There are 2 protein chains.
Amino acid sequence: MTQSGADGAAVGQSGTTRTREDVVLAAGRLFAKRGFHGTSMRDLGEELGMLGSSLYSHVQGKNELLVEVIGRGAGMFNQVVIDAYAAGGSARDRLRRLVHGHVITVVANIDEARTFLFEARFLPAKERAQIVAMRDDYERAYRETIEAGIAEGSFTPNLDPGLTAIFVLSVLNALIRWYRPSGERSAEEIATEIGRFVASGILAEGVR
Amino acid sequence: MTQSGADGAAVGQSGTTRTREDVVLAAGRLFAKRGFHGTSMRDLGEELGMLGSSLYSHVQGKNELLVEVIGRGAGMFNQVVIDAYAAGGSARDRLRRLVHGHVITVVANIDEARTFLFEARFLPAKERAQIVAMRDDYERAYRETIEAGIAEGSFTPNLDPGLTAIFVLSVLNALIRWYRPSGERSAEEIATEIGRFVASGILAEGVR
DNA sequence: CCTACCGATCGGTAGG
DNA sequence: CCTACCGATCGGTAGG
């Protein structure tokens with residue numbers, strides 16, 4: 001009898017030695033599906049075709065995995081902001097890039113995004129504080145962009161920029177709740193539809 | 001030494017016998033803050049000034065508490081839909097009532113709303129299926145209302161009703177993430193701002 | 001609502 | 001990556 005994945009568990013690639021990368025990715029999958037506290041090290045070992053205790057040759061502990069998965073999520077979103085600012089253009093262009101980049105990123109890294117948004121409260125105090133700060137920065141980028149859009153005349157002047165930033169991010173973050181890779185709409189289509197909703201709302205022209 | 005709440009734990013009303021209602025409310029508080037799997041029966045007992053094992057004279061088990069808390073959340077949201085439909089009026093009026101009722105309900109029952117939206121996946125299979133069905137009904141009410149609004153000419157005809165329902169609900173459901181009772185805006189103000197955002201978006205008039 | 005307890009499972013370690 | 005194990009904690013029960 002071989003030692004790997006012969007017992008029917010959902011194993012990535014059986015017959016191969018697992019790397020730390022495999023462990024982190026599998027942790028993202030399980031944390032996203034069952035939650036951090038709903039995932040045991042034994043569950044995670046089973047997902048990888050090994051014993052829970054064997055994971056400790058790859059990582060120091062369960063918390064480290066949560067920190068790593070959420071750190072990756074945070075890094076991705078941070079990069080979206082950097083890219084959107086680096087591209088230049090009007091505030092309205094920048095908001096379009098922020099929205100588009102957010103959708104693409106969530107769709108391509110759904111497990112990290114879910115863990116980031118659902119499990120961050122279970123991070124150790126120090127790392128939790130860092131993630132909260134990062135999230136504040138992210139929200140600030142949206143607020144600044146909305147303020148700049150008002151200043152340039154693209155956006156309605158009587159908007160509350162802080163609240164509006166929250167509303168836009170609400171639509172974006174909810175993606176982790178309803179997006180399914182098997183769904184009929186592509187990431188591009190979703191980004192376009194969200195952009196349209198955020199821009200114009202639902203009221204017909206001329207109605208008030 | 002007395003038997004209740006003399007050891008510094010956060011107890012509701014010390015010196016009084018707790019009821020099943022107290023237990024369910026405390027469970028909502030802890031499930032909302034630490035998650036279902038992050039809350040032990042001993043934690044819950046401590047919150048109420050009793051031992052974890054004593055809770056079993058009020059409820060049959062931990063799962064029953066999750067079912068009860070989420071069931072209350074589901075019932076509240078269901079009532080909002082019933083009231084909004086019963087009030088009659090145009091589709092646009094109905095959407096206004098749905099949004100207003102949702103905000104008021106979340107603000108007044110934040111723990112149940114959080115548990116409903118974050119912990120439903122940990123429900124036993126049968127109850128989870130019921131809650132998913134209820135959530136589908138809720139979404140359908142929004143979709144129908146948007147379709148009716150398009151038909152009556154209030155809403156933009158090129159809207160995708162299903163996707164738009166999701167977007168509106170995204171803004172509403174995100175309330176459980178950012179709302180703080182100590183915040184500066186009242187539930188009424190929040191409902192008004194969300195209504196404005198959903199109705200008109202952020203683009204300035206005449207801009208396209 | 002408490003005392004006293006149960007078997008199961010948890011995160012994690014020593015040593016190979 | 002496994003064997004063999006640790007102390008702590010889990011949900012829950014019997015009996016009062």
Side-chain angles (χ1 to χ4, degrees), chain A residues 1-7 9-27 30-31 34-69 119 122-125 127, chain B residues 1-7 9-27 30-31 34-69 119 122-125 127:
Chain A
M1 44 183 141
T2 67
Q3 64 184 29
S4 55
D7 49 10
V11 176
Q13 54 246 73
S14 51
T16 312
T17 287
R18 249 55 77 172
T19 64
R20 197 187 116 100
E21 180 70 12
D22 295 328
V23 175
V24 173
L25 291 176
L30 292 196
F31 292 166
R34 312 182 195 173
F36 177 67
H37 287 308
T39 303
S40 72
M41 291 300 270
R42 285 160 178 86
D43 290 338
L44 182 52
E46 197 179 337
E47 173 83 6
L48 290 157
M50 64 174 85
L51 295 177
S53 59
S54 300
L55 296 165
Y56 290 86
S57 58
H58 290 108
V59 290
Q60 298 225 40
K62 197 185 174 189
N63 275 336
E64 183 186 321
L65 282 170
L66 186 64
V67 170
E68 176 85 24
V69 172
E119 311 298 322
F122 303 124
L123 244 15
E127 286 85 358
Chain B
M1 41 182 144
T2 66
Q3 64 183 31
S4 58
D7 51 10
V11 176
Q13 53 246 71
S14 51
T16 311
T17 286
R18 248 57 77 173
T19 63
R20 196 187 118 102
E21 179 70 11
D22 295 326
V23 175
V24 173
L25 291 176
L30 292 197
F31 292 166
R34 311 180 195 174
F36 177 67
H37 286 308
T39 303
S40 72
M41 291 301 270
R42 284 159 179 86
D43 290 339
L44 182 52
E46 197 180 338
E47 173 84 4
L48 289 158
M50 63 174 83
L51 296 178
S53 60
S54 300
L55 295 166
Y56 290 86
S57 58
H58 291 107
V59 290
Q60 297 225 40
K62 197 186 173 187
N63 276 336
E64 181 185 324
L65 283 170
L66 186 63
V67 170
E68 175 85 26
V69 172
E119 311 297 322
F122 302 124
L123 243 17
E127 286 84 358

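Predicted, not measured: the structure shown is a model, and the values here were computed from it. Values below: all heavy atoms of this structure, side chains included; hydrogens, waters and symmetry mates excluded.
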Plane angle bin for B/F36 and B/F122 - parallel if under 30°, tilted between 30 and 60°, otherwise perpendicular: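 Geometry flag for B/F36 against B/F122: parallel rings.
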Position toward the 5' end of DNA chain C (nearest nucleotide), A/G52 or B/T19: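 The residue closer to the strand's 5' end, by nearest nucleotide, is B/T19.
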Comparing A/S40 and B/S54 on DNA chain C - which has the more 5′ nearest nucleotide: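 Looking at the nearest nucleotide for each, B/S54 comes out on the 5' side.
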5' precedence on DNA chain D between A/R42 and A/S57 (nearest-nucleotide basis):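 It is A/S57 whose nearest nucleotide is closer to the 5' end.
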Test log, rule side-chain contact (heavy atoms from CB on, under 4.5 Å), inputs B/L44 and B/L65: CA-CA 11 Å; B/L44 182 52; B/L65 283 170; 3.4 Å; yes
Under 3.5 Å on both distances, the Watson-Crick or G-U partner of D/dA4: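 C/dT13 - that is the nucleotide pairing with D/dA4, both distances being under 3.5 Å.
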[atom1] of [X] versus [atom2] of [N]: gap in Å, rounded?
X: B/H37; N: C/dG11; atom1: NE2; atom2: P; answer: 12 Å
X: B/L30; N: D/dG11; atom1: CG; atom2: P; answer: 12 Å
X: B/H58; N: D/dG12; atom1: NE2; atom2: C1'; answer: 17 Å
X: A/E64; N: C/dG12; atom1: CD; atom2: P; answer: 10 Å
X: B/Y56; N: C/dC6; atom1: OH; atom2: P; answer: 17 Å
X: B/K62; N: D/dT9; atom1: NZ; atom2: C1'; answer: 12 Å
X: A/L51; N: D/dT3; atom1: CG; atom2: C1'; answer: 9 Å
X: B/D43; N: D/dT9; atom1: CG; atom2: P; answer: 11 Å

Minimum-distance pair of heavy atoms, taken over all atoms of A/D43 and A/G38: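 Of all heavy-atom pairs spanning A/D43 and A/G38, the closest is OD2-O, 3.7 Å.
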Touch class at under 4.0 angstrom, heavy-atom based, for A/G61 against every strand present: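 Sugar-phosphate: the residue A/G61, judged by heavy atoms under 4.0 Å, touches backbone atoms but no base.
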Gap between atom CD of B/E127 and atom CD of B/E64 - 0.5 Å precision: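 Atom-to-atom, B/E64:CD and B/E127:CD are 10.0 Å apart.
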Electrostatic pair B/R18-B/E47, nearest N-O below 4.0 angstrom: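 No salt bridge links B/R18 with B/E47.
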Listed nucleotide nearest any side-chain atom of B/M41, set D/dC1, C/dC1, D/dG11: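 Shortest atom-to-atom distance from the side chain points to D/dG11.
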